[in-house]
Amino acid sequence: MADKQAKLEIGGKAHEFPVLQGSCGPDVVDIRKLYGTTGAFTYDPGFTSTASCESALTFIDGEEGVLLHRGYPIGQLAEHSSFMEVSYLLLNGELPSKSELDTFENTITRHTMLHEQLMTFYRGFRRDAHPMAIMCGVVGALSAFYHDSTDISDPVQRRIASHRLIAKMPTIAAMAYKYSVGQPFLYPDNSLSYTGNFLKMTFGVPAEEYEVIPAVEKAMDRIFILHADHEQNASTSTVRLAGSSGANPFACIAAGIACLWGPAHGGANEAALNMLQEIGTPDRIPHYIERAKDKNDPFRLMGFGHRVYKNYDPRATVMQKTVREVFDALKVTDPVFETALRLEELALSDDYFAEKKLFPNVDFYSGIILSAIGFPTTMFTALFALARTVGWVAQWNEMISDPGQKIGRPRQLYTGPTQRDYVPVEKR
Ligand code: ACO
């Protein structure tokens, strides 16, 4: 029995519903029995006030700009941890001991290769295919190659599928890049770290030794940490919804990738850099700010605003710092960074953005770093998908492990025609 009750009056009749409390965050009115007791549905398109599930993975306080994975602040994880350690944390609930981490890294490393037949799959795509189109196709196709890990009722198979997905994503993404530039695919090098191996598969060529630059490896690993999970965002909810029907994990992650591609979600990193390049020089910023404020103009400041954060996205803070580190390590600069800093400054001092609580999000600075490292803009969202895969599989596992799990099946407010009789075509 919940301590608090919520009262709802419909047509003069009062109904009570339990109010549930999580370990952090707002209380939740449990309306699971609403339809059964009142015959009414709730209406919340966009899920602005709806908790779609119970989860112990990630917590966000959007008002305060807080992001915790299993209780640990993202700033601390980005500073002190590694992507492999954060992956273990998300999947298992606790930070690993040294030997647990070694075993986990070893397991992931042992799954980095792709079935050889999948290489030919790539050749079916046009060379100018967007890497996200390739990712959707190839990840979905994994279910045709790894039948031995698609029985979702078996926890061991679920774990193997999760490890396979985390391990193979860098290979799949690197190959999508290689295919687009017409270079040969590189096999994984298991002597390197997860991130070092990804950089080598992307930027190395068989004819030459590839040396991983430690500062770039660190920055890339940090970018992966910053994207690892973000509670019930659109792509994660897509993965959960797809998985709720019992679909296999490879198909579910392919669905998540498709959702992530959209410019309002993961596609914003690509759009943000394109926007900054279009703005070009700081003197042109006021014009774009005016456009973003104009309701008759569809233009929005990409990399700005967030459904949950009504404060600075804590991931953007780390990103901004990482831009400087990468520039120092590579001894480069990019005028786009100056434009971004000035745009942030001007937007944050503008009443429109202040009133609507629009701040830079994770995507605002990430493209500048990725571009400095050498990735084309089309790869940005593919990198996001690579890193988010661990969050997706952790959330999917959490859902499937719940004995009370049900298929996700929202209802609707129907506004179409009421029942009417069919009219033969000659009488219409
Ligand atoms: N530029 C200008 N105005 C904006 C922006 C923006 N980037 N974002 C929101 N607004 C305005 C809206 O026009 C709206 O104004 P109104 O109340 O006068 O109609 C108000 O702020 C609220 O915006 P909504 O779109 O209703 O907020 P929602 O929570 O649905 O959308 C979203 C959040 C999609 C992220 C939005 O802020 C946006 O489009 N941002 C740009 C794209 C982006 O950066 N996406 C990345 C998100 S982070 C991620 O997925 C990793």
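Read the numbers this way: they start at 1 and go in the same order the structure lists the ligands and their atoms. All values reported here derive from a predicted model rather than from experimental measurement.
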- Note on the structure: Ranked by distance from atom 35 (C) of ligand 1, the top protein heavy atom is Gly305 O, 3.7 Å

- Item | Atom indices of ligand 1, in the order listed, that fall short of 4.0 Å to a heavy atom of Phe384 | 51 (C)

- Which ligand 1 atoms are under 4.0 Å away from a heavy-atom of Ala292? 2 (C)

- Task: Measure from atom 15 (O) of ligand 1 to the protein's non-hydrogen atoms and state whether any distance is below 4.0 Å.
- Result: yes

- Query: Would you say Phe304 and ligand 1 have an N/O pair spaced under 3.5 Å apart?
  - Reply: yes

- Item | For Arg307, the ligand 1 atoms whose distance to one of its heavy atoms is below 4.0 Å | 28 (P), 29 (O), 30 (O), 33 (C)

- Query: When you check the gap from the basic side-chain N to the acidic O, do Lys321 and Glu79 get nearer than 4.0 Å?
  - Reply: yes

- Item | Element-labelled atoms of ligand 1 that are located less than 4.0 Å from some non-hydrogen atom of Val362 | 51 (C)

- Note on the structure: Contact region, Lys295 to ligand 1, non-hydrogen atoms below 4.0 Å, reads side chain

- So which heavy atom in the protein is nearest atom 42 (C) of ligand 1, and how far is it from that ligand atom? Met302 CE, 3.4 Å

- Message: Show the atoms of ligand 1 that are less than 4.0 angstrom away from any heavy atom in Ala268.
- Response: 43 (C), 44 (O), 45 (N), 46 (C)

- Query: Hey, which atoms in ligand 1 end up nearer than 4.0 Å to a heavy atom of Gly303?
  - Reply: 43 (C), 44 (O)

- Message: Let me confirm one number: the CZ-CD distance from Arg284 to Glu278, rounded to the nearest 0.5 Å.
- Response: 7.0 Å

- For the atom pair OH (Tyr194) and CE (Met220), what is the distance rounded to the nearest 0.5 Å? 10.0 Å

- Note on the structure: atom 50 (O) of ligand 1: closest protein heavy atom, distance to 0.1 Å, is His265 ND1, 2.9 Å

- Given that the side chain starts at C-beta and the backbone is N, CA, C, O, which of these parts of Arg300 lies under 4.0 Å from ligand 1, counting heavy atoms, or is it both or neither? both

- Query: Which of the numbered atoms in ligand 1 are below 4.0 angstrom from a heavy atom of Lys356?
  - Reply: 11 (C), 15 (O), 16 (P), 17 (O), 18 (O), 20 (C), 21 (O)

- Query: Taking only heavy atoms of Asp363, which atoms of ligand 1 are found under 4.0 Å from at least one of them?
  - Reply: 46 (C), 48 (S), 49 (C), 51 (C)

- Item | Proximity of Phe364 to ligand 1 by residue part, where a heavy atom lies under 4.0 Å | neither

- Query: Taking non-hydrogen atoms only, is Leu358 closer than 4.0 angstrom to ligand 1 via side chain, backbone, both or neither?
  - Reply: side chain

- Query: So among Leu192, Ile172, Thr112, Thr171, which one has a side chain to side chain contact (heavy atoms under 4.5 Å, CB included) with Met201?
  - Reply: Thr171

- Query: Does NZ or CZ of Arg411 lie under 6.0 Å from the centre of the six-membered ring of Phe41, at an angle within 45° of the ring axis?
  - Reply: no

- Message: Once rounded to the nearest 0.5 Å, what's the spacing between atom NZ of Lys218 and atom CZ of Arg222?
- Response: 5.0 Å

- Parallel, tilted or perpendicular: rings of Phe337 and Tyr365 (30°, 60°): perpendicular

- Lys356 to Tyr352 six-membered ring, cation-pi geometry met (6.0 Å, 45°): yes

- Query: Do any nitrogen or oxygen atoms of Lys310 lie less than 3.5 angstrom from nitrogen or oxygen atoms of ligand 1?
  - Reply: no

- Can you label the angle between the Phe250 ring and the Tyr146 ring as parallel, tilted or perpendicular, going by 30° and 60°? tilted

- If the plane angle is over 60° it's perpendicular, under 30° parallel, otherwise tilted; pick one for His306 and Tyr309. tilted

- Query: Going by distance only, is there an N or O of Ala264 that falls short of 3.5 Å from an N or O of ligand 1?
  - Reply: yes

- Item | Salt-bridge contact Arg158-Asp151 (side-chain N to carboxylate O under 4.0 Å) | no

